[in-house]
Amino acid sequence: MTSVAEPRGLTWRRTVVSDPLVRPMLEELGNEYSARYGKDAHGELARYPAEEFAPPHGELLLLLEHGVPVAGGAFRRFDEHTAELKRIWTHSAHRRRGLARQVVAELERVAAVRGYRRIHLTTGPRQPEARGLYLAAGYTPRFDTAADPETIGPLPFEKRLVAPAPAPDAAGRPTGSSAENSTEREG
């Protein structure tokens, strides 16, 4: 697990599903999904094996503020060229600060460094905030946006990724970059 300082006292933490800091995130997310959809959603959050969210094909990131998780998310391999975003979350006490947008952008960046060229995701029809987030972040809806979301079911989105530019060396010349070095940065 790695932590990297960001401006405003925020720290990125690369982690795994079994990290005790992840549990509150998944608990709150499961409670919220259960309230919105009227059935226990905690099982759905455990649907994928934890190793799918670990390198080299996946990633789980937490955004910490003073050591406490305030936002997070993950991606897993969808196919050879596509990562699938999962579990994008902002703690209920920290919403409306742009944290989810930061999480999505960082996951996109890490996925691009890992060689993915596309992001796929689905969100639920009763999550208008998520729908708005993905539209604002440049995702293409793969559904009729004029239709009633309840008639569609899960709402699929996609986004093409741009290959990352090589990091410059000490003289400012482009060099090859590793995913490890590119992921651990100050912003």
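This is a predicted model, so every value here is computed, not measured. Computation of the quantities below employed the complete heavy-atom set of this structure, encompassing side-chain atoms and omitting hydrogens, waters and symmetry-equivalent molecules.
Between Arg76 and His57 the shortest side-chain heavy-atom distance does not fall below 4.5 Å. Put simply, the side chain of Val16 does not reach to within 4.5 Å of the side chain of Glu51, judged on heavy atoms. Looking at Leu10 and Leu64, their side chains never come closer than 4.5 Å, going by heavy atoms from C-beta outward. Between Thr15 and Leu21 the shortest side-chain heavy-atom distance does not fall below 4.5 Å. Tyr134 has its side chain within reach of Leu121: a pair of non-hydrogen atoms, C-beta onward, lies under 4.5 Å apart. Between Pro55 and Arg114 the shortest side-chain heavy-atom distance falls below 4.5 Å. With a 4.5 Å cut-off on side-chain heavy atoms, Glu129 and Leu133 do not count as touching.
Taking NE2 of His81 as the reference point, atom CG of Leu161 lies at 12.5 Å (rounded to 0.5 Å). With rounding to the nearest 0.5 Å, the separation of CD in Glu158 from CG in Leu85 is 12.5 Å. Interatomic distance, Met25 CE to Leu45 CG, rounded to the nearest 0.5 Å: 8.5 Å. Once rounded to the nearest 0.5 Å, the distance linking OG1 of Thr11 with NE2 of His66 reads 9.0 Å.
Residues Ala50 and Val17 approach most closely at CB-CB, 3.8 Å, considering heavy atoms. Taking both residues in full, the closest heavy atoms of Pro154 and Thr122 are given as CB-CB, 4.2 Å, listed atom of the first, atom of the second, then distance. Residue Pro149 comes nearest to Pro125 through the heavy atom pair O-CB, 3.2 Å, listed as atom of the first residue, atom of the second, then distance. Ile88 and Ala100 get closest at one heavy-atom pair: CG2-CB, 4.4 Å. Taking each heavy atom of Leu26 and His42 in turn, the nearest pair found is O-CD2, 4.4 Å.
Looking at Arg117, its side chain does come within 3.5 Å of a backbone N or O of Ala112 through a donor-acceptor pair. For Gln127 (side chain) and Gly124 (main-chain N/O), a donor-acceptor pair under 3.5 Å exists by modelled atom type. No donor-acceptor pair closer than 3.5 Å links the side chain of Arg126 to the backbone N or O of Tyr33. For Ser34 (side chain) and Lys39 (main-chain N/O), a donor-acceptor pair under 3.5 Å exists by modelled atom type. Looking at Arg13, its side chain never comes within 3.5 Å of a backbone N or O of Leu61 through a donor-acceptor pair. A side-chain donor-acceptor contact under 3.5 Å links Lys159 to the backbone of Ala137. Remark: side-chain polar atoms of Thr82 are not paired, donor with acceptor, to backbone N or O of His120 under 3.5 angstrom. Between the side chain of Arg101 and the backbone N or O of Ala136 there is at least one donor-acceptor pair closer than 3.5 Å. A donor-acceptor pair under 3.5 Å is formed between the side chain of Arg95 and the backbone N or O of Thr90.
The 12-atom threshold is exceeded at CD of Glu150, counting heavy atoms of other residues, nucleotides or ligands nearer than 6.0 Å.
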Evaluation steps, salt bridge (charged side-chain N to carboxylate O under 4.0 Å, His left out), between Glu32 and Arg36: CA-CA 6 Å; Glu32 185 164 330; Arg36 287 188 188 214; 3.0 Å; yes
side-chain contact (heavy atoms from CB on, under 4.5 Å) between Trp12 and Glu106, intermediate numbers included: CA-CA 9 Å; Trp12 287 109; Glu106 185 66 5; 3.6 Å; yes
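Between Tyr48 and Glu84, the side chains place no donor N or O within less than 3.5 Å of an acceptor N or O (distance only, hydrogens not considered). Side chains of Glu28 and Trp89: a donor on one and an acceptor on the other come within 3.5 Å. Side-chain contact annotation: Glu108 with Tyr139, donor-acceptor N/O pair under 3.5 Å present.
Taking the six-membered ring where the residue is Trp, Phe75 and Tyr116 present perpendicular rings, their angle passing 60° and hence far from 30°.
Tracing side-chain contacts under 4.5 Å through hydrophobic residues (I, L, V, M, F, W, Y), one reaches Leu135 starting from Ile119; they form part of the same cluster. Residue Ile152 is grouped with residue Phe157 when hydrophobic side chains (ILVMFWY) are merged at heavy-atom distances under 4.5 angstrom, including chains of intermediate members. Tracing side-chain contacts under 4.5 Å through hydrophobic residues (I, L, V, M, F, W, Y), one never reaches Phe78 starting from Val113; they form parts of separate clusters.
Ion pair Glu52/Arg77 not flagged as a salt bridge, since none of the NZ, NE, NH1 or NH2 atoms sits closer than 4.0 Å to an Asp/Glu carboxylate oxygen.
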